[in-house]
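The structure appears right after this line, and notes come after that.
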Amino acid sequence: MSGIFLNLIAGGESPPTIKYELWTWGRNNYGQLGLNDTSNRSSPVQVGLLNIWEKLPQNSYQHGLSITSDGALWSWGLNNHGQLGLGNTVNRSSPVQVGALKTWAFATGGFGAESSLAIKTDGTFWTWGVNGSGQLGHSNTIFYSSPKQVGALTNWASGGGFFVVVKTDGTMWSCGVGANGRLGLGNTTYYSSPKQIGALTNWKQVCPSNANCFAVKTDGTMWSWGDNQVNGPLGLGNTTSYSSPKQIGGLTTWTKVSAKTTGCFALKTDGTVWGWGYNSGYAAGELGLGNSTSYSSPVQVTTGASFLSSHYRGGVIIKTNGTLFAWGKNNFGQLGDGTTTNRSTPVQIGSLTTWESVAGLRASIHALKDPV
């Protein structure tokens with residue numbers, strides 16, 4: 001989400017109300033599919049019968065988050081550290097509303113962690129869940145099972161994971177575990193309150209992984225930092241780790257990044273999808289390139305995409321014609337093609353042409369579909 005949405009709210013204008021169906025598939029051991037059970041699904045299944053959903057997270061771990069068209073925030077799945085924001089640590093296998101407020105504009109889960117981040121329409125920033133290293137930004141290491149505001153500022157715009165956030169002024173901030181330089185602050189220090197990454201004001205979108213981070217600027221350039229020792233997951237053509245952002249190549253046509261566990265996928269303005277990082281061993285072919293070769297620089301995966309997300313060991317895209325494709329590890333049916341067979345190239349999920357957005361979890365997928 002860009003700052004434009006929040007500016008519309010501040011200016012007194014109402015954004016268009018869009019309502020979609022919510023569909024899920026893949027691993028469901030904690031009820032993270034939201035289907036009121038813990039059975040895995042290898043094909044898309046609708047969550048409930050209502051078309052009330054509007055926004056999905058950028059990614060998450062083993063819990064679901066979604067905002068409905070009325071601005072309410074809902075959560076479900078694993079809740080061992082209170083990451084569902086419901087004031088307890090009870091797992092939920094169906095969506096439950098987080099509080100009674102209907103002023104939420106953005107929400108996402110922590111990549112590989114039991115935590116959540118959300119931003120309200122007034123630009124305030126809220127976090128909850130695991131906090132052993134101060135990653136929630138509250139200047140302490142207390143776990144919270146309900147949303148707690150980070151500071152008093154009202155200019156937060158969007159976030160990726162739970163420790164890297166972009167403000168409406170284009171600045172980027174991070175907090176939490178600084179190991180491997182993944183906070184982008186030029187060091188490996190832990191911080192329990194947000195610290196600005198450099199002084200630039202043209203950051204657009206950010207997406208962290210377990211030990212590194214990727215971001216796109218408003219000028220279309222792509223950047224990465226953090227751990228890079230195994231197979232070059234930063235996409236810089238080497239295996240050197242960096243504690244400050246480094247540009248990936250010289251192109252200015254990148255529009256979105258989505259990190260997986262050991263690498264990343266990225267989308268260009270021309271609809272091409274690119275991937276790099278680990279591609280062999282446990283999940284051979286997870287880059288979708290039809291081979292098991294790892295790459296330390298971006299390699300083209302496919303064309304014609306309009307939306308991109310990653311999952312634990314692979315990727316999922318929506319094409320410009322509204323069709324849905326996925327690839328990579330499929331041991332829990334997370335590719336949605338009705339099988340548990342791994343795929344090293346993109347495979348179409350069903351034949352529908354009305355998919356709107358998609359979000360990857362650890363080994364499951366959530367997607368919004370136009371009911372028309």
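For this chain, numbers begin at 1 and follow the sequence in order. Worth knowing before you read on, the calculation uses all heavy atoms, side chains too, and leaves out hydrogens, waters and symmetry mates.
A pairwise comparison of heavy atoms in Leu287 and Tyr295 identifies CD1-CD1, 3.9 Å as the closest pair.
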CA sep, side-chain torsions, deciding dist, call: His138, Thr127, side chain to side chain donor-acceptor pair (under 3.5 Å): CA-CA 9 Å; His138 300 305; Thr127 60; 2.8 Å; yes
Worked verdict on Thr103 versus Asp122 for side chain to side chain donor-acceptor pair (under 3.5 Å): CA-CA 8 Å; Thr103 54; Asp122 62 3; over 6 Å; no
Worked verdict on Tyr191 versus Trp173 for ring pair (Phe, Tyr, Trp, His ring centres under 6.0 Å): CA-CA 11 Å; Tyr191 294 94; Trp173 301 68; over 10 Å; no
Verdict with supporting geometry, Lys19 and Glu54, salt bridge (Lys or Arg N to Asp or Glu O under 4.0 Å): CA-CA 5 Å; Lys19 301 179 181 180; Glu54 185 177 7; over 6 Å; no
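With 3.5 Å as the limit, one finds a donor-acceptor pair spanning the side chains of Ser94 and Asn36. Residues His63 and Ser116 bring a donor and an acceptor atom of their side chains to less than 3.5 Å of each other. Counted by atom type alone, Asn212 and Asn228 present zero donor-acceptor pairs between their side chains at under 3.5 Å.
Between Phe125 and Trp156, a ring centre-to-centre spacing shorter than 6.0 Å is recorded.
No donor-acceptor pair closer than 3.5 Å links the side chain of Trp203 to the backbone N or O of Met172. Side chain of Ser209 to backbone of Ala211: no donor-acceptor contact under 3.5 angstrom is found. A donor-acceptor contact shorter than 3.5 Å links the side chain of Gln83 to the backbone of Leu78. Looking only at distances, a side-chain donor or acceptor of Thr108 sits under 3.5 Å from a matching main-chain atom of Gln58. Remark: side-chain polar atoms of Asn51 are not paired, donor with acceptor, to backbone N or O of Glu21 under 3.5 angstrom. Formation of a donor-acceptor pair under 3.5 Å by the Asn202 side chain with backbone atoms of Thr218 is not found in this model. A donor-acceptor pair under 3.5 Å is absent between the side-chain atoms of Asn180 and the main chain of Asp227, judged by distance alone. A distance-only check finds no donor-acceptor pair linking the side chain of Thr354 to the backbone of Lys369 [under 3.5 Å].
Remark: Ala367 pairs with Trp25, Trp355, Val358 by the side-chain contact (heavy atoms from CB on, under 4.5 Å) rule, at least two apart or across chains. For Ser258, the side-chain contact (heavy atoms from CB on, under 4.5 Å) partners are Leu308, Ser309, Ser310, not counting sequence neighbours. Tyr242 is linked by a ring pair (Phe, Tyr, Trp, His ring centres under 6.0 Å) to nothing, counting only residues two or more places apart in sequence or in another chain.
Within the 4.5 Å cutoff, the side chain of Val299 has heavy atoms near those of the Leu289 side chain.
The aromatic rings of Trp76 and His366 are tilted relative to each other, their planes meeting at an angle between 30° and 60°.
Expressed to the nearest 0.5 Å, how far CG of Leu84 lies from CH2 of Trp128 amounts to 9.5 Å.
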